[in-house]
Amino acid sequence: VLASGYFEWNKDHEKFYISNPECKYLAAIYRNNDIVILTYEACKQLQTIHNRMPILLNKKDAITYLNTNKLAITDKTYDIQLIDHQIRLF
């Protein structure tokens, strides 16, 4: 799924917009006109907001996933920039 980012809410119901300029795709499964976004354990920096996060893919990884149905997930550490409830992952 092509996306510029996604929204997440913390336990206090505060909304955060989370984006990564390097990863513009969310891993998903499409079947019978339904789409399910695939998630996994949130990176360490986002665990205070939510314990899960979408699987973010760059273009190369998205093409590999579409062609092979295989995901290469690494425990990535991000640099985070928080500005007015907008989080940028680098």
Self-check item: Co-membership, hydrophobic cluster, residues L66 and Y25, 4.5 Å side-chain
Solution: no
Self-check item: Minimal non-hydrogen separation, L57 against A27, with atom names
Solution: CD1-CB, 3.9 Å
Self-check item: Partners passing side-chain hydrogen bond (donor to acceptor under 3.5 Å, both in side chains) against T39 (at least two apart in sequence or in another chain)
Solution: R52
Quiz item: Under the side-chain contact (heavy atoms from CB on, under 4.5 Å) test, which residues partner T68, sequence neighbours left out?
Solution: T64, K70
Exercise. Please list, chain by chain and in numerical order, all residues satisfying side-chain contact (heavy atoms from CB on, under 4.5 Å) with V36, sequence neighbours excluded.
Key: none
Practice problem: Apply side-chain hydrogen bond (donor to acceptor under 3.5 Å, both in side chains) to N33 and list each qualifying residue two or more places apart in sequence or on a separate chain. | Solution: Y30
Quiz prompt | Closest non-hydrogen atom pair, N58 against D61 | solution = OD1-N, 2.8 Å
Quiz prompt | Inter-residue atom distance I55.CD1 - C23.SG, 0.5 Å rounding | solution = 11.5 Å
Practice problem: Applying side-chain contact (heavy atoms from CB on, under 4.5 Å), name anything that partners A28, two or more places apart in sequence or on another chain. | Solution: V1, I35, I37
Quiz item: Considering residues at least two apart in sequence or located in another chain, which fulfil the side-chain contact (heavy atoms from CB on, under 4.5 Å) criterion with N67?
Solution: I63
Practice problem: Please confirm whether the backbone N or O of D34 pairs with a side-chain atom of N32, one donor and one acceptor, at under 3.5 Å? | Solution: no
Exercise. Mind checking the NZ-CH2 spacing from K15 to W9? Nearest 0.5 Å is all I need.
Key: 6.0 Å
Self-check item: Distance-minimising heavy-atom pair for S19 and S4
Solution: CB-O, 3.2 Å
Quiz item: Has the side chain of D12 got a donor or acceptor atom that lies under 3.5 Å from a matching backbone atom of E14?
Solution: no
Exercise. Quick one: pull up CD in E8 and CG in N51 and give me the separation to the nearest 0.5 Å.
Key: 8.5 Å
Quiz prompt | Approximate separation, where rounding is to 0.5 Å, of L38 CG and L26 CG | solution = 9.5 Å
Exercise. Mind listing the closest non-hydrogen atom pair of Y6 and M53 along with its distance?
Key: OH-CB, 3.5 Å
Self-check item: For the student: nearest non-hydrogen atoms of A42 and Q47, plus distance
Solution: O-NE2, 2.8 Å
